[in-house]
Amino acid sequence: MRVRALPLLHDTDAPACLAACLKSLEKSGIPANVLDFRTAEAGPRPAEKAVYTRVAGLSHARALNAARRAIEEDYILLVRADTVPEGAWLPPLLETLDRNPEAGACGGRLVSPAGRILSEGRSFVNGRGFNEPGLNRNAFLPEPPLSAAPSAPLEVDGLSAAFALIRRSALEAAGGFDERLHDPQLLMDDLCCALRAAGRGVWFVPSATAVCHIPHSFPGMFSAHPRHAELLRREENSLRALLHAEAPAWQAKWGWHPLYPDPGEIRRRYGETLLGRGLGPDMRIPIREFPCPVDLCMVT
């Protein structure tokens with residue numbers, strides 16, 4: 001088989017979701033090597049055919065790099081254990097990479113169990129910096145706007161780490177995952193930047209869909225699930241601290257701070273522009289729907 005899946009399993013992932021994920025992979029004929037980040041010594045292990053590798057204590061980058069060195073397949077499917085690919089999702093992804101030999105990676109539409117969009121690829125130029133609601137294209141919409149509803153694969157800035165197919169040769173040429181970074185999504189964003197800097201395209205494929213079962217990722221969870229809201233705020237505070245800690249390495253590598261839009265990308269797309277200045281914490285605009293502050297950025 002040309003594809004090897006690397007499901008990422010954490011303490012917060014429900015065994016039932018992992019079982020559904022592995023069943024979907026098995027139905028598509030894809031072998032899976034589950035990277036088990038759980039702190040417990042032993043937990044439920046659905047699907048005996050899957051290989052489990054205990055990586056508790058390792059960073060995501062080191063675990064992923066060790067896994068890629070141990071496999072021989074042409075493509076690596078990075079998928080969260082709580083994300084379940086649905087329908088005939090694999091052929092469109094492979095076809096996209098086959099038709100675009102310069103492409104380094106592609107990903108499909110990520111939706112909630114209710115069908116709301118969570119991600120249709122990612123956009124780094126949006127005026128909200130590295131705040132999740134601003135990065136994921138069409139996030140939380142019941143369906144994409146007609147003007148932004150592609151029927152064919154579309155080149156994007158980045159992909160969700162929950163559902164991405166990576167060309168292994170492109171990953172090797174990029175040097176693997178950067179072990180100075182730790183958050184899985186930051187690793188994927190970094191890889192997409194590296195692929196695009198090397199002339200490799202990153203594509204969103206609308207005909208491939210996966211359902212993400214993370215309860216605190218859905219709109220309305222603050223009133224419906226107070227406990228999830230608290231978990232989310234703790235997670236976001238941790239992520240913000242992590243981004244601040246890893247920002248110097250990112251900025252030295254890419255020339256822009258990971259909490260703010262990429263001015264180089266804005267100029268590449270729109271020419272010379274007037275950019276909104278960094279306003280600082282005292283002048284940030286609070287958005288009621290999101291717990292993260294939002295910075296202003298104007299493109300003229």
Requested in this report: Would you sort out whether D189 and W250 count as a side-chain contact (heavy atoms from CB on, under 4.5 Å), showing the intermediate values?
Outcome: CA-CA 11 Å; D189 291 338; W250 179 286; 4.1 Å; yes
Report task. For residues D190 and K253, determine if any side-chain heavy atom of one lies less than 4.5 Å from a side-chain heavy atom of the other. Result -> yes
Report task. Enter the distance from L25:CG to L77:CG here, rounded to the nearest 0.5 Å. Result -> 6.5 Å
Query raised in the report: Is there side-chain contact between N100 and E155, with at least one heavy-atom pair below 4.5 Å?
Result: no
Requested in this report: Output yes when a side-chain donor or acceptor of R167 lies under 3.5 Å from a complementary backbone atom of L97, and no otherwise.
Outcome: yes
Query raised in the report: Is the backbone of I30 close enough, under 3.5 Å, to the side chain of S28 for a donor and an acceptor to pair up by distance?
Result: no
Report summary line: Minimal heavy-atom distance between W254 and A197, with the atoms involved, is CZ3-CB, 4.1 Å
Query raised in the report: Is P7 close to L22 at the side-chain level, that is, under 4.5 Å between some pair of heavy atoms?
Result: yes
Requested in this report: In sequence, state the C-alpha distance, the side-chain angles, and the governing distance for D98 and R2, and then conclude on salt bridge (charged side-chain N to carboxylate O under 4.0 Å, His left out).
Outcome: CA-CA 12 Å; D98 288 342; R2 305 165 64 196; 3.1 Å; yes
Query raised in the report: Between D82 (side chain) and H213 (backbone), is there a donor-acceptor pair under 3.5 Å?
Result: no
Query raised in the report: In this structure, which one of L118, L93, T209 forms a side-chain contact (heavy atoms from CB on, under 4.5 Å) with F163?
Result: L93
Query raised in the report: Where do V55 and R62 land on the side-chain contact (heavy atoms from CB on, under 4.5 Å) test, with the steps shown first?
Result: CA-CA 9 Å; V55 290; R62 288 187 178 182; over 6 Å; no
Query raised in the report: Which pair of non-hydrogen atoms, one from L191 and one from A174, has the smallest distance, and what is that distance?
Result: CD1-CB, 4.1 Å
Query raised in the report: Are any non-hydrogen side-chain atoms of T96 and L165 less than 4.5 angstrom apart?
Result: no
Query - side-chain hydrogen bond (donor to acceptor under 3.5 Å, both in side chains) partners for R200, two or more places apart - result: none
**Report entry** Rounded distance (nearest 0.5 Å) linking atom SG of C192 with atom CD of Q185
**Finding:** 8.0 Å
Requested in this report: Decide yes or no for L64 and I76: does some side-chain heavy atom of the first lie under 4.5 Å from some side-chain heavy atom of the second?
Outcome: no
Query raised in the report: Got a sec: does the CZ of R99 have more than 12 other heavy atoms crowding it under 6.0 Å?
Result: no
Query raised in the report: Aromatic ring centroids of H60 and F177 under 6.0 Å?
Result: no
Report summary line: Sequence neighbours excluded, the answer for salt bridge (charged side-chain N to carboxylate O under 4.0 Å, His left out) partners of E172 is R68, R168
Requested in this report: Would you mind reporting whether F37 and P184 have side-chain heavy atoms less than 4.5 Å apart?
Outcome: no
Report task. Would you give the length of the straight line joining atom CG of L187 to atom CG of L181, rounded to the nearest 0.5 angstrom? Result -> 5.5 Å
Query - Heavy-atom closest pair, residues S160 and R122 - result: N-CD, 3.8 Å
Query raised in the report: What's the shortest heavy-atom distance between C212 and T83, and which atoms?
Result: SG-OG1, 3.9 Å
Query - Any side-chain heavy-atom pair of M188 and I166 under 4.5 Å - result: yes
Requested in this report: Keeping the roles fixed (side chain from E246, backbone from H182), state whether a donor-acceptor pair exists under 3.5 Å.
Outcome: yes
Requested in this report: Answer yes or no: is there a donor N or O on one side and an acceptor on the other, between the side chain of S24 and the main chain of V84, under 3.5 Å?
Outcome: no
Query raised in the report: Counting N and O atoms only, with roles assigned by atom type, does the side chain of R38 sit under 3.5 Å from a partner on the main chain of R54, one being a donor and the other an acceptor?
Result: no
Query raised in the report: Which pair of non-hydrogen atoms, one from A88 and one from P92, has the smallest distance, and what is that distance?
Result: O-CD, 3.2 Å
